[in-house]
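Single-structure report; data block below.
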Amino acid sequence: MKKTISLIILGILTACNSPKKENVSADSEAKRAELIGKWVQPIPGQENENQGIELREDGVAASINMHTLLYEKWKVSHDTLYLWSRTVGVSQPSVSSDIDTLLIKKLDNKSLTILSLLGEPKNNVVQTYSKEK
């Protein structure tokens with residue numbers, strides 16, 4: 001009887017210890033690799049010009065054609081992109097880094113669609129970027 005109970009407990013513990021963490025880590029690494037590069041979108045009102053973000057392999061992020069919003073670093077976890085930034089040249093510049101939390105709605109080798117997870121959900125706008133070659 002004790003042996004049967006021990007086997008049942010061992011079975012339950014084994015079932016609870018799933019390898020999902022490895023799959024999630026591999027998925028995040030694949031997303032990370034696909035995110036590396038320059039992502040741009042037209043500047044509203046100046047559609048001939050682009051703005052965006054460069055995500056570098058070393059975790060550094062850089063703004064493209066945005067002079068008051070300076071991206072510093074980035075990280076991806078599951079389907080969420082984190083961007084650290086600071087503002088300069090405005091009436092109340094950031095003294096420390098701000099962190100944008102963005103849900104990755106779509107990602108492939110040509111486009112990135114994100115949704116901000118900060119603030120009021122009704123104010124969050126879906127943004128789409130194209131990968132620059």
Side-chain angles (χ1 to χ4, degrees):
M1 181 71 160
K2 286 183 182 182
K3 191 172 185 179
T4 304
I5 292 174
S6 296
L7 287 174
I8 291 171
I9 291 173
L10 181 61
I12 291 171
L13 291 175
T14 303
C16 291
N17 189 12
S18 66
K20 286 183 182 178
K21 189 173 184 178
E22 291 174 13
N23 293 341
V24 167
S25 179
D27 183 49
S28 289
E29 282 304 311
K31 272 198 177 91
R32 186 181 190 289
E34 202 162 16
L35 282 165
I36 293 170
K38 293 180 179 180
W39 296 95
V40 295
Q41 64 181 188
I43 297 174
Q46 299 176 17
E47 281 69 24
N48 294 334
E49 298 291 326
N50 286 329
Q51 66 182 5
I53 313 156
E54 179 180 5
L55 303 176
R56 299 178 186 154
E57 191 171 350
D58 61 0
V60 171
S63 302
I64 299 171
N65 209 13
M66 293 187 287
H67 307 290
T68 58
L69 179 63
L70 304 178
Y71 289 108
E72 299 172 330
K73 65 182 182 175
W74 70 283
K75 177 183 171 183
V76 66
S77 179
H78 309 287
D79 60 353
T80 306
L81 174 62
Y82 300 94
L83 287 171
W84 282 258
S85 65
R86 61 186 171 87
T87 55
V88 294
V90 293
S91 61
Q92 294 181 340
S94 302
V95 220
S96 62
S97 291
D98 295 319
I99 303 173
D100 290 331
T101 305
L102 307 164
L103 178 65
I104 300 170
K105 304 281 282 177
K106 179 185 174 200
L107 173 63
D108 58 37
N109 61 350
K110 294 180 182 178
S111 68
L112 167 65
T113 302
I114 54 175
L115 173 68
S116 176
L117 297 176
L118 299 177
E120 292 287 322
K122 66 180 180 180
N123 296 331
N124 294 341
V125 178
V126 173
Q127 295 189 41
T128 300
Y129 294 84
S130 298
K131 195 162 197 177
E132 199 173 75
K133 298 182 187 217

Is the backbone N or O of [Y] less than 3.5 Å from a side-chain atom of [X], with the two atoms forming a donor-acceptor pair by type?
X      : Y      : result
Gln41  : Ser130 : no
Lys38  : Gly52  : no
Gln127 : Val125 : no
Asn65  : Asn50  : yes

If the threshold is 4.0 Å, N to carboxylate O, is there a salt bridge linking Glu29 and Lys31?
no
Report yes if some heavy atom in the side chain of [X] is under 4.5 Å from a heavy atom in the side chain of [Y]; otherwise report no.
X      : Y     : result
Glu132 : Val40 : yes
Ile64  : Gln51 : no
Thr68  : Thr87 : no

Quick one: pull up CG in Leu117 and CG in Asn124 and give me the separation to the nearest 0.5 Å.
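Output value for this atom pair is 7.0 Å.
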If you round to the nearest 0.5 Å, how far is CD of Glu72 from OG of Ser85?
7.0 Å
In the hydrophobic cluster built from side-chain contacts under 4.5 Å, what are the other members alongside Tyr82?
Trp84, Ile99
Given a cutoff of under 4.5 Å between side-chain heavy atoms of I, L, V, M, F, W and Y, with clusters grown through shared members, what are the other residues clustered with Ile114?
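Grouped by the 4.5 Å side-chain rule, Leu35, Ile36, Trp39, Ile53, Leu55, Met66, Leu69, Tyr71, Trp74, Val76, Leu81, Leu83, Leu102, Ile104, Leu107, Leu112, Tyr129 form the rest of the cluster around Ile114.
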Identify the heavy atoms of Asp108 and Ser111 that sit nearest to each other, and give their distance.
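Closest approach of Asp108 to Ser111, heavy atoms only: OD1-N, 2.7 Å.
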Minimum-distance pair of heavy atoms, taken over all atoms of Gly59 and Arg32:
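Here Gly59 and Arg32 meet closest at N-NH2, 3.7 Å.
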Should we say atom CD of Glu57 is surrounded by more than 12 heavy atoms from elsewhere, each under 6.0 Å from it?
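It does not: Glu57 CD has 12 such atoms or fewer within range.
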For atom NZ of Lys131, is the number of surrounding heavy atoms from other residues, nucleotides or ligands below 6.0 Å larger than 12?
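Enclosed.
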Donor-acceptor pair between Thr128 and Thr113 side chains, under 3.5 angstrom
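Yes, Thr113 and Thr128 have a side-chain donor paired with an acceptor closer than 3.5 Å.
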